[in-house]
Amino acid sequence: ARVARTIGVLDAWNPNANDVVRALALDGAGSIFVGGSFTNINGVARMRLAKVSTGAAATVDPGFSADANSDVRAMLIGPSNTLYVGGTFTSISGLGRPGFVRLTTTGAPDPSWNTFLQSFYVYALQNAPGGLYVGGNYFDIGGQPRTQIARVSHAGVVADLFSPNLNGAVLAIAAGN
């Protein structure tokens with residue numbers, strides 16, 4: 001459901017997911033990425049990830065297809081209309097991508113960007129200068145020891161000077177100046 005910003009009531013938009021929606025990301029061009037535990041959205045089979053119009057019909061975009069084998073927990077729009085996706089999955093679009101992936105506009109894993117996690121999960125993504133913060137439950141990312149949070153550039157490089165040592169999973173991130 002969607003709430004009207006000015007008056008706070010529900011409007012007609014409803015993508016009718018058949019299970020939990022855990023993450024949303026607006027693409028800025030009239031569509032929204034929807035991630036979660038669902039296997040069907042607005043009558044169309046989609047395994048935990050879909051792109052839906054923001055119009056009243058909430059039409060599922062047939063040109064975007066990216067099936068995850070487990071929950072999608074976080075999403076963030078990247079450069080050139082790419083989409084970063086984090087969650088508890090071990091594969092997406094049929095390829096091994098444990099917990100973290102960057103997708104192209106069609107939903108395919110971006111071949112110019114490598115997945116970093118060897119295992120475990122990503123629960124939170126947030127914009128960072130020149131890249132993004134990646135929060136979750138992991139101990140290594142991009143071959144670098146990082147405990148639960150890391151900063152990664154859009155080129156896929158793990159930041160050397162950002163290395164907090166946290167002792168519990170990161171479920172949310174807020175970044176400011």
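By convention here, the first residue in the shown sequence is residue 1.
- If you take CD on Gln148 and CG on Leu166, they are separated by 6.5 Å, rounding to the nearest 0.5 Å.
- Asp71 contributes no side-chain N or O that, together with a main-chain N or O of Arg73, makes up a donor-acceptor pair within less than 3.5 Å.
- No side-chain donor-acceptor contact under 3.5 Å links Asn42 and Thr59.
- Rounded to the nearest 0.5 angstrom, Asp67 CG and Arg46 CZ are separated by 7.0 Å.
- Note on Val44 and Ile92: separate hydrophobic clusters, where clusters join Ile, Leu, Val, Met, Phe, Trp and Tyr whose side-chain heavy atoms are under 4.5 Å apart, directly or indirectly.
- Note on Leu26: it clusters hydrophobically with Val21, by side-chain heavy-atom contacts below 4.5 Å among ILVMFWY residues.
- The shortest distance between side-chain heavy atoms of Thr104 and Pro111 falls below 4.5 Å.
- A continuous path of Ile, Leu, Val, Met, Phe, Trp and Tyr side chains, each step under 4.5 Å between heavy atoms, connects Val152 with Val122, placing both in one hydrophobic cluster.
- Taking every heavy atom of both residues into account, Ala150 and Ile141 meet most closely at CB-CG2, 3.6 Å.
- Among all heavy-atom pairs drawn from Thr54 and Trp13, the shortest one is O-CD1, 3.5 Å.
- When atom types are taken as modelled, the side chain of Asp110 and the backbone of Arg102 share no donor-acceptor pair closer than 3.5 angstrom.
- Atom-to-atom distance recorded for Asp61:CG and Thr106:OG1 is 10.0 Å, nearest 0.5 angstrom.
- Between Val34 and Leu24, some side-chain heavy-atom pair lies under the 4.5 Å cut-off.
- Among all heavy-atom pairs drawn from Pro15 and Val52, the shortest one is CB-CG1, 4.3 Å.
- Both Leu171 and Tyr121 are assigned to one and the same hydrophobic cluster, defined by single-linkage of ILVMFWY side chains at heavy-atom distances under 4.5 Å.
- Side-chain contact between Thr105 and Thr82 is absent, with no heavy atoms from C-beta onward closer than 4.5 Å.
- More than 12 heavy atoms of other residues, nucleotides or ligands sit less than 6.0 Å from atom CG of Asp19.
- A heavy-atom distance below 4.5 Å is not found between the side chains of Val101 and Leu95.
- A 4.5 Å side-chain heavy-atom check between Asn127 and Leu76 finds at least one atom pair inside the cut-off.
- For Phe33 and Phe64, the distance between ring centers is under 6.0 angstrom.
- In this structure, His154 and Pro79 approach most closely via the heavy-atom pair ND1-CD, 3.4 Å.
- For the pair Ala66 and Ser93, the tightest heavy-atom approach, listed with the atom from each and the gap, is CA-OG, 3.4 Å.
- Taken together through direct or relayed side-chain contacts under 4.5 Å among Ile, Leu, Val, Met, Phe, Trp and Tyr, Phe38 and Ile32 form part of one hydrophobic cluster.
- Shown here for Arg22 and Ser37, the closest heavy-atom pair between the two residues is NE-OG, 3.3 Å.
- Using a distance-only test at 3.5 Å, with no hydrogens or angles considered, no donor-acceptor pair links the side chain of Asn137 to the main chain of Ala169.
- For Asn18 (side chain) and Asn40 (main-chain N/O), a donor-acceptor pair under 3.5 Å exists by modelled atom type.
- Between the side chain of Arg48 and the backbone N or O of Ala68 there is at least one donor-acceptor pair closer than 3.5 Å.
- Here the CG atom belonging to Leu49 is positioned 9.5 Å from the CD1 atom belonging to Ile41, to the nearest 0.5 angstrom.
- Partner of Phe120 under the ring pair (Phe, Tyr, Trp, His ring centres under 6.0 Å) criterion, out of Phe139, Tyr138, Phe100: Phe139 alone.
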Asn69 vs Thr90, test: side chain to side chain contact (heavy atoms under 4.5 Å, CB included). Steps then yes/no. CA-CA 7 Å; Asn69 70 342; Thr90 57; 2.7 Å; yes
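- Looking at Thr147 and Asn167, their side chains never come closer than 4.5 Å, going by heavy atoms from C-beta outward.
- Ring planes of Phe162 and Tyr133: tilted class, angle from 30 to 60°.
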